[in-house]
Each structure stands twice: as structure tokens, then as C-alpha cells.
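Some notes on the structure that comes next.
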2 protein chains.
Amino acid sequence: MNSPVPTGDDLVRVLATLSNPHRLRVVAALAGRRNYVSRLARELDISRALLQVHLKKLEAAGLVTSRLELSEDGKAMKFYEVNAFAVRLTPQDIVTAVQTLTPAGQAPADHTNETDEKGAT
Amino acid sequence: MNSPVPTGDDLVRVLATLSNPHRLRVVAALAGRRNYVSRLARELDISRALLQVHLKKLEAAGLVTSRLELSEDGKAMKFYEVNAFAVRLTPQDIVTAVQTLTPAGQAPADHTNETDEKGAT
DNA sequence: GGCACCTGCTAACTTTTCTTTGCATGTGCA
DNA sequence: TGCACATGCAAAGAAAAGTTAGCAGGTGCC
């Protein structure tokens, strides 16, 4: 894990991710039961391509997790499930979060491909 | 008030509003003490025009309130203060919120100019 | 082989959001 | 009058996000 306590940048990322109706619906759908991409797309009635993009964002924000599995008949299926999370948003929480916000103008670190680096700095 | 319980659309609006570093900083700054536009702009070191746009969004989302006041020396100053709010975000909360989401493709009602309509429907 | 499933990618387009620039108004004061 | 400080707004450009369309690959089965 990166940091046990979410930084301001993390918060921004999570909020940005959840501020989209499609993604909200995806999370809600997965909260019931895990599902694989094609089926979820049919159930939500959106294109698979579109769903894939949203799922990637959700995963990048750490809100869902994917797992590639092989069904009995040998087909590759990517299952997604929601991670447990709980964000509280009050003015005071924001005061705290802002303290760990990357200063304007700088890139807030890319959490896209981060398995688990352990730097010895 | 419109509805005591925030609808899914409200949630999306709030999250979209708070998913911006500038606006997060504004909320944090106002959480300490209320302030007027020009001064706040100087303190946050952003242009007044930019701040104004962000403040409008925050107000539209119901997160801050503005009040035009006249200083002792007669100058008009617009003070902003944060409203108390508390949003909880868990998968389960999202399941609930999604139930009151405007179906895709439709306009989610414009809360921009809403003083306090009381419809007799 | 042809069809029905599954995944993954990207180029291109549309839409939304963000930000700057510039000008308008008003006050008080030297 | 000219300067400092306050507000407000809109046009226009730049950047980011959302969406579609089309292609690739793979498996199993009739």
C-alpha cells in the first residue's frame, strides 16, 4: 500500500471518479455481486467499450478490483468487484485533506500502474 | 429546501464540485473563517475571475453561501462562508443514491437558480 | 468454416470543464 | 481627476473527459 491515510490527491481522484453517473451505477451494480465486463455492459445497457473505460478509472482510483478468470468452458472473463471503502466529507475533513494536496501546477503522481514499489530512499 | 435527503443527482453534483483542487482549497480556507472574494483570491493566489467561477459552482452545489455586505467605508463586499455538510461514501450509500439518479440521456434538473419554490402539485 | 461468446486496444470525434483576458460597474480618498 | 479597492460578466482559447466505431486476439460448438 502506498499510504494508509488517503492524501488530498487521492481524495480528488476518488471524488472525480465517483462524480459520474455511469460509474456510480457500476459501483452500485457491483456492490450486489461481482460481474464480468460483457454481462455488466448488457445489464447497464451501455457499450462494452464505454464500460471498459469507466471500469479502468474505477480501478485506478482503487474502488474496484479486477480478476481475469477462465470459465468452465475455457473462456477468459474479467470479473470485477467493489473494494470496501468509506469516505467522509465534511468541511473539517477537507481542511485536513488539503494539507496533503500537491501544489498547483505540479503533476499529482500517477497511480495508474502501481503494483507495489518499495523504494529504499 | 428541496429534499432533506440528497438525491443521486445531488450527490453527483457535490462530488463533481469537490473533485477539484482549487475548490477543495476554497472550502478549506472558508472553513477557518468567512472571507470576501478579492481577499480570498489573494490568499489562495489565484485570479479573482477564476475564484469567482469556482465559488459559483460551490454555491450552486449548496456547499457555501454568499452574502453581500457593505463595509464601514461603504464598499460592497461579497462574503462567503461554508455550509455545514457531511457526505458519506460507501458502496452501500452509492447503491442507495443510484436509485434516485436521473436516467441517462435526460437533463438532471437545473438547481442553479432555485430560491425556494413551493409547488402545489 | 461460420457463429456466438469473451477480452483488449486506439484513433477520432464530441462535449464539458477550466482558465485567461478584458471591460463594465461602484465606493472612498488625496 | 486619478488611484486603489470592491464586484460582475462574457467571449475565447486550452485542456480534460466522455463516447463511438472499428479493429485485433482468443475459446467452444454445430
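Note: hydrogens, waters and symmetry copies are ignored here, and every other heavy atom, side chains too, is used. Naming: A, B, ... by sequence-line order, numbering from 1 per chain.
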Please confirm whether the shortest side-chain N or O distance from [X] to OP1 or OP2 of [N] is below 4.0 Å.
X: H54(A); N: dA17(D); result: no
X: K75(B); N: dA4(D); result: no
X: R48(B); N: dC9(D); result: no
X: Y36(A); N: dT7(C); result: no
X: K57(B); N: dC18(C); result: yes

Next on the checklist: What is the distance, to the nearest angstrom, from the CG atom on L18(A) to the P atom on dA17(D)?
Outcome noted: 15 Å

Next on the checklist: Between dG18(D) and R23(A), counting only base atoms on the nucleotide and side-chain atoms on the residue, is there a donor-acceptor pair under 3.5 Å?
Outcome noted: no

Checklist entry - Charged N to carboxylate O under 4.0 angstrom, E69(B) versus K75(B)? => result no

Next on the checklist: For R33(A), is there an ion pair with E43(A) - N to carboxylate O distance below 4.0 angstrom?
Outcome noted: yes

Next on the checklist: For the CZ atom of R13(B) and the CG atom of L63(B), what is their distance to the nearest 0.5 Å?
Outcome noted: 10.5 Å

Checklist entry - Once you round to the nearest 0.5 Å, how far does OG1 of T65(B) lie from CG of L55(B)? => result 11.5 Å

Checklist entry - Base, sugar-phosphate alone, or nothing: which one does K78(B) contact when heavy atoms must sit under 4.0 Å apart? => result sugar-phosphate

